[in-house]
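Only one structure is covered here, and it is reproduced in the block below.
All residue numbers refer to positions in the sequence shown, counting from 1.
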Amino acid sequence: FHPADLLDTVDVVVTSLLITDGVVKPRWTAGSKEHHLRTHSSAATLQKSIITMWSSNNNNNNNNNNHPPLSISGLNLFFTLLLTTLTLSNNSAGLKLFTHPHGRIHRLTGLFHLLWLLYGALFLINNNHYTQNENNDWHRKCLVYDITLGTSGIITTLTAASSFPHKHIHNRPGESGTLSNDAIVTQGEMVEHSFYQGVNLVQVVYLHLVTWTVDLDDEERLSIVVFAKRFGMLLLVTLPWAIRKRFPVNSFSANWRKNNVEMNKKKNNRHHNGGIRVGTEKESKYLWFINGMYRFKKWQYVFYKHMILHGLNISVASSYQSYKNDTTSLPLPLTPQWRIFWLLLNTSYVMEFFLQSLVKRQVLSQKFMMVLNALLMISASIASMESNVLGQVKVEAALISLFLNFYNRGHDVLNTMVTFIIVYFGNNFIRI
């Protein structure tokens with residue numbers, strides 16, 4: 001993707017949404033041809049404004065390249081399509097999701113979170129004037145932004161879980177509210193998401209601390225003080241996993257197991273344990289695509305947990321050199337590659353639920369929602385492969401973490417600390 005090509009892409013998508021076989025779709029227009037022409041003209045103006053902002057941002061972030069990274073283009077395309085859809089929805093139904101009086105606290109926090117994501121995408125991916133005088137200011141801006149983004153995401157998720165009666169919803173086995181057409185996001189899925197959002201927040205604060213705030217460097221690498229400092233920092237960032245069992249667990253594999261089809265047929269009752277059972281038997285024409293996305297999400301999660309989460313935390317604690325006194329290089333959480341990945345990761349967490357809400361309000365079609373979800377998943381995966389993200393992870397740390405996850409399942413804190421001890425002393429003895 002290139003920013004200059006996005007306008008044509010969006011124009012094709014929007015035109016396909018507005019017109020089918022020469023007939024204006026009712027939900028996108030007030031009904032008259034003149035109204036359609038005005039709407040299409042407004043859409044074109046909106047598209048050009050959005051693309052101008054994205055292109056300006058990409059030009060600033062890629063002065064030495066003719067094309068921006070695919071991950072940036074994917075992020076830009078996603079927000080362009082989302083904003084265009086919200087603006088063009090019938091009677092602004094998409095925008096009214098933020099103004100309806102029911103669940104107002106959640107709607108306002110959701111609006112703030114969306115605007116905060118857009119602000120980060122436009123202005124806080126890269127600092128093109130990183131100098132000794134400005135370096136501390138850039139550090140602080142990114143740290144404050146990251147903490148605000150993580151906190152806002154958690155509040156948005158928890159207010160959704162408390163403001164709406166999702167605790168009474170029970171989807172049929174094998175259906176998740178994030179992708180299935182007839183299922184609804186349950187309270188358990190929301191609360192589980194809040195745990196991982198909290199883990200992400202703790203991790204990004206940890207990365208800021210160990211890369212430019214706390215000095216972990218020491219000439220005597222095997223000294224007990226250095227080891228204790230690194231061990232303590234890693235323990236603090238891993239401790240949230242000690243309460244993982246207190247949160248709901250929703251298995252990815254449960255969404256594609258064949259026996260769920262039989263369970264759906266046997267449990268076709270409308271009411272379930274005092275709640276409402278929703279969903280249909282798994283006969284959707286998009287079933288193959290939905291199941292494929294669940295499988296992709298599962299292995300994406302395994303990769304994220306043991307490479308980007310535990311693997312990166314262990315690698316940073318075991319050997320990362322602090323940039324506290326370095327004015328020529330960017331610490332890891334301030335690099336453009338990490339900031340793109342971090343933004344895509346946070347966008348993915350909240351958009352799973354928000355896009356499904358747009359489907360229920362008939363602002364998005366189920367097919368288009370899955371396309372947007374796939375776009376985010378692919379863009380986040382590409383961003384994680386960048387050298388300043390994946391390149392910081394020690395392969396042995398990720399592999400040992402993965403092995404212990406299956407061998408000693410459910411003990412993430414113990415597994416992570418054992419992995420750190422092996423990697424830390426192993427690397428130092430090899431140097432000796």
Side-chain angles (χ1 to χ4, degrees), residues 1 69-83 85-86 109-110 112-121 124-125 145-146 148-158 160-161 176-180 185 189-204 250 252 255 289-290 292-309 312 333 337-359 364 366 368-386 389-390:
F1 300 106
L70 285 174
S71 53
I72 292 183
S73 296
L75 179 67
N76 293 350
L77 179 59
F78 171 82
F79 277 125
T80 301
L81 294 174
L82 177 65
L83 294 176
T85 301
L86 288 175
T109 55
F112 172 82
H113 192 68
L114 176 61
L115 295 176
W116 199 244
L117 285 169
L118 292 171
Y119 170 72
L124 278 181
I125 286 181
Y145 177 83
D146 291 345
T148 305
L149 181 64
T151 304
S152 171
I154 295 171
I155 294 174
T156 299
T157 301
L158 292 179
S176 170
T178 57
L179 291 180
S180 298
V185 176
E189 288 177 309
M190 295 181 187
V191 175
E192 183 184 30
H193 261 57
S194 70
F195 170 79
Y196 287 102
Q197 288 173 304
V199 167
N200 292 335
L201 173 59
V202 172
Q203 182 190 33
V204 79
N250 293 278
F252 287 110
N255 293 291
F289 185 65
I290 294 175
M293 288 185 68
Y294 279 128
R295 285 184 169 89
F296 184 86
K297 284 166 71 69
K298 174 182 174 61
W299 292 109
Q300 186 183 45
Y301 167 74
V302 172
F303 172 84
Y304 151 78
K305 181 179 179 181
H306 298 288
M307 291 290 290
I308 306 301
L309 191 63
L312 180 59
Q337 293 87 348
W338 172 265
R339 301 216 61 75
I340 296 168
F341 168 73
W342 170 247
L343 198 60
L344 279 162
L345 181 66
N346 281 273
T347 302
S348 299
Y349 268 96
V350 295
M351 287 302 162
E352 269 194 333
F353 297 154
F354 182 57
L355 293 179
Q356 192 58 264
S357 297
L358 295 179
V359 172
L364 286 180
Q366 176 73 8
F368 192 37
M369 181 273 290
M370 290 191 292
V371 170
L372 291 178
N373 261 308
L375 176 61
L376 274 180
M377 291 163 59
I378 294 172
S379 299
S381 297
I382 293 174
S384 69
M385 298 296 179
E386 296 285 354
V389 181
L390 192 61

Starting at [atom1] of [X], measure out to [atom2] of [Y] and round the result to the nearest 0.5 Å.
X: Tyr119; Y: Leu149; atom1: OH; atom2: CG; value: 12.0 Å
X: Gln366; Y: Leu358; atom1: CD; atom2: CG; value: 12.0 Å
X: Leu364; Y: Gln356; atom1: CG; atom2: CD; value: 9.5 Å
X: Leu86; Y: Leu114; atom1: CG; atom2: CG; value: 7.5 Å
X: Met351; Y: Leu375; atom1: CE; atom2: CG; value: 12.0 Å
X: Ile382; Y: Met377; atom1: CD1; atom2: CE; value: 12.0 Å

Do the non-hydrogen side-chain atoms of [X] and [Y] ever get within less than 4.5 Å of each other?
X: Phe354; Y: Thr156; value: no
X: Met190; Y: Leu158; value: no
X: Lys305; Y: Tyr301; value: yes
X: Asn200; Y: Val204; value: no
X: Asn373; Y: Glu352; value: yes
X: Thr85; Y: Leu372; value: no

Exercise for the section: Identify, with sequence neighbours excluded, every residue that meets side chain to side chain donor-acceptor pair (under 3.5 Å) alongside Ser381. Expected result: Gln300
Fill in the blank from the handout: The side chain to side chain donor-acceptor pair (under 3.5 Å) partners of Tyr349 (sequence neighbours excluded) come to none
Exercise: identify the closest heavy-atom pair between [X] and [Y]:
X: Ser194; Y: Ile154; result: O-CG1, 4.3 Å
X: Val350; Y: Leu117; result: CG2-CD1, 4.1 Å
X: Ser71; Y: Ile340; result: OG-CG2, 3.5 Å
X: Ile308; Y: Ser384; result: CD1-CB, 4.2 Å
X: Ser379; Y: Leu75; result: OG-N, 4.2 Å
X: Val389; Y: Ala383; result: CG2-O, 4.0 Å

Handout entry: Single hit among Thr151, Thr148, Asn346, Asp146 for side-chain contact (heavy atoms from CB on, under 4.5 Å) with Leu201
Key = Thr151
Problem - Gly153 backbone acceptor or donor facing Gln197 side chain under 3.5 Å - result: yes
Problem - Full working for side-chain contact (heavy atoms from CB on, under 4.5 Å) between Tyr145 and Leu343 - result: CA-CA 11 Å; Tyr145 177 83; Leu343 198 60; 3.4 Å; yes
Practice task
Mind telling me whether Trp338 and Trp342 have parallel, tilted or perpendicular rings, with 30° and 60° as the class edges?
Solution key: parallel
Exercise for the section: Begin with the C-alpha distance, continue with both residues' side-chain angles, and end with the deciding distance and a verdict on side chain to side chain donor-acceptor pair (under 3.5 Å) for His193 and Thr157. Expected result: CA-CA 7 Å; His193 261 57; Thr157 301; over 6 Å; no
Handout entry: Near-ring test Phe112/Trp116, centroid separation under 6.0 angstrom
Key = yes
Practice task
Assess the side chains of Tyr304 and Tyr196: does a donor N or O sit below 3.5 Å from an acceptor N or O?
Solution key: no
Exercise for the section: Under the side-chain contact (heavy atoms from CB on, under 4.5 Å) rule, what do Met307 and Val302 come out as? Steps first, then yes or no, please. Expected result: CA-CA 8 Å; Met307 291 290 290; Val302 172; over 6 Å; no
Practice task
Starting from the C-alpha separation in whole Å, work towards a yes-or-no answer on side-chain contact (heavy atoms from CB on, under 4.5 Å) for Leu355 and Met370.
Solution key: CA-CA 9 Å; Leu355 293 179; Met370 290 191 292; over 6 Å; no
Practice task
In sequence, state the C-alpha distance, the side-chain angles, and the governing distance for Phe296 and Phe303, and then conclude on ring-ring contact (aromatic ring centres under 6.0 Å, His included).
Solution key: CA-CA 10 Å; Phe296 184 86; Phe303 172 84; over 10 Å; no
Practice task
Start with the C-alpha distance between Leu81 and Phe368, add both sets of side-chain angles, then the distance that settles side-chain contact (heavy atoms from CB on, under 4.5 Å), and finish with yes or no.
Solution key: CA-CA 10 Å; Leu81 294 174; Phe368 192 37; 4.2 Å; yes
